[in-house]
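Throughout, protein chains are lettered first and strands after them, A, B, ... in sequence-line order, and every chain is numbered starting at 1.
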Amino acid sequence: MAASSRTVFHVDMDAFFVSVEELFDPSLKGKAVVVGGQRDERGVVAAASYEARKFGVHSAMPLRTAAKLCSHAIFVNGHPDRYRSCSEKVHAVLESFTPQVEMASIDEAYLDMTGTERLHGPPLLAAHKLHQKMKADTQLNCSIGIGTSRLIAKVCSGKAKPHGMLYAVPGQETKFLAPLDVRDIPGVGKVTEQKLHSIGVLTVGDLARFADSFLDEHLGKWGLALAGKARGEDAGAWFDGVIGESEAAKSISHEHTYNHDTADVEQIESTLMRLSEMVGRRLRESQFHARTLQLKLRYKDFTTITRARTLETPTQLDNEIYRQIQTLFHANWRKGAEIRLLGVHASGFNEQALQGDLLEDQGRGNRNEGWLPRAHA
DNA sequence: TCTGGGGTCCTAGGACCC
DNA sequence: TCTGGGGTCCTAGGACCC
């Protein structure tokens, strides 16, 4: 068992956005810093320094709330381009350890370190070297979780923060998971936590008591997989699947929240035009054509609707995108009602392979058989 | 204290087809 | 005469993640 098990690293950068901002402005170091916008703006916290967290500030919290909890905090606008370029440096460091790197987001990655012992030594030594190289090459700290699956490694990195490492030894997974709070499991948010509590499940170990049919009924197939994992089984694709290159994007979207709600048609249409152009530009950059276009509309009272339209011919043209979005808007807007947010979303890229140049899709690997044209019956 | 923006995945119902 | 069953596509909404 242990001999054949995989070694998965989950590498998670510590307070990534804040740390990157500190590189650009060292005077921020050691202070309460909130990244995401100004203290009086509509918006939420994208990241908070550990100093700010002491005052109860955390990500996803409204900026104005953060300002009340921690009035001396320094508020900084986000710089996505800075984070992207730092993320590329992080990626390069990881690739120097193993080619099997999968960036799971801008600041975290899974590494398949199986079979790298001769090169890097046992897991904890390899992790120590990674810590050091990361700091040397990027000036950033990371936390490292080590286990036999993505799930175990991810849970470990969460427990290792900041700037730590944690290794769940092969064979001990069930024991390791059992006492954990269900909320420690990635994918269990507020809603699922409440559902689990209501049926008496507080820890991962508690899940083992329930029959599969019951879990399937109440939690769906994800809960089923988690329970399997809690019992030490391989639980399928996400938990146990191959760690490879990050896959191509499946959707592209842009949205905008107004600082002041509006029902002004000219203003609304110019926003939709701008969002359509942003989506179109990114489609062309990625050489995607989208089949499905979706409008998102959020009213003043936060009620939100989405309306989609699938085209016969996929597109990447600003004008075509805007025409569809504009039509959807006028067919669905409660006329005169004030709008808080507008969004334009493009998806259905796979089908493009049917119309377009299959050669373009070479090198994407052969796992995505779904996008290959089916043989004509 | 009102609640961003960019994503992924899942569910559920209806249409449609065999 | 009271009504199949599976599969796929599409839409809308929602949970969740960083």
Any strand, both distances under 3.5 Å, Watson-Crick or G-U wobble: dG13(B) pairs with dC10(C)
Touch check for [X], heavy atoms < 4.0 angstrom, all strands: base, sugar-phosphate only, or nothing?
X: Leu63(A); result: nothing
X: Val188(A); result: sugar-phosphate
X: Gln294(A); result: nothing
X: Leu69(A); result: nothing

Given the 90°-from-0 boundary between syn and anti, dT3(B) should be labelled anti
Self-check item: Interatomic distance at P, dT1(B) relative to dC16(C), whole Å
Solution: 25 Å
### Query
Using atom P of each nucleotide, how far apart are dC2(C) and dA15(B) to the nearest Å?
25 Å
Discussion item. Which residue is it: Asp12(A), Asp184(A), Asp181(A)? I am looking for the one with a salt bridge (Lys or Arg N to Asp or Glu O under 4.0 Å) to Lys159(A).
Written reply: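 Of the listed options, the one satisfying the test is Asp184(A).
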Which of the following nucleotides, [options], is nearest to the side chain of [X]?
X: Thr306(A); options: dA12(C), dG6(B), dC9(B); result: dA12(C)
X: Thr192(A); options: dG7(B), dA12(C), dC16(C); result: dC16(C)
X: His254(A); options: dG6(B), dC2(B), dG4(B); result: dG6(B)
X: Val191(A); options: dC16(C), dT11(C), dG6(B); result: dC16(C)
X: Ser251(A); options: dG6(B), dG7(B), dC9(B); result: dG7(B)
X: Ile305(A); options: dG13(C), dG4(B), dT1(B); result: dG13(C)
X: Arg64(A); options: dC9(B), dG6(B), dT3(B); result: dT3(B)

Can you measure [X] atom [atom1] to [N] atom [atom2] for me and round it to whole angstrom units?
X: Glu108(A); N: dG7(B); atom1: CD; atom2: C1'; answer: 12 Å
X: Leu342(A); N: dG4(B); atom1: CG; atom2: C1'; answer: 14 Å
X: Leu219(A); N: dT11(B); atom1: CG; atom2: C1'; answer: 14 Å

May I ask you to evaluate whether [X] reaches the phosphate of [N], defined as a side-chain N or O under 4.0 Å from OP1 or OP2?
X: Arg340(A); N: dT3(B); result: yes
X: Thr257(A); N: dG5(B); result: yes
X: Thr310(A); N: dC10(C); result: no
X: Arg291(A); N: dC10(C); result: yes
X: Lys154(A); N: dC18(C); result: yes
X: Lys250(A); N: dG7(B); result: no
X: Arg307(A); N: dA12(C); result: yes

- Considering heavy-atom distances to DNA chain B, does Tyr258(A) or Lys221(A) have its closest nucleotide positioned more toward the 5' end?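 On the 5' side of the pair lies Tyr258(A).
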Closest to the 5' end of DNA chain B, once Ser253(A) and Gly43(A) are matched to their nearest nucleotides, is Gly43(A)
Are side-chain heavy atoms of Gln326(A) and Leu272(A) found at a separation under 4.5 Å? no
Between Arg298(A) and Glu255(A), does at least one N-O distance fall below 4.0 Å, as a salt bridge requires?
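Glu255(A) and Arg298(A): not salt-bridged.
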Got a donor-acceptor contact below 3.5 angstrom from the [X] side chain to the [Y] backbone?
X: Glu277(A); Y: Asp318(A); value: no
X: Ser87(A); Y: Ile106(A); value: yes
X: Arg183(A); Y: Val188(A); value: yes

| said: Whether the Glu269(A) and His330(A) side chains hold a donor-acceptor pair (N or O, under 3.5 Å, no angle test) is what I'd like checked. | reply: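 Yes, His330(A) and Glu269(A) have a side-chain donor paired with an acceptor closer than 3.5 Å.
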Compare the ring of Phe302(A) with the six-membered ring in the base of dC2(B) and state whether they stack (centres under 5.5 Å, planes under 30°).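 No, aromatic ring not over the base.
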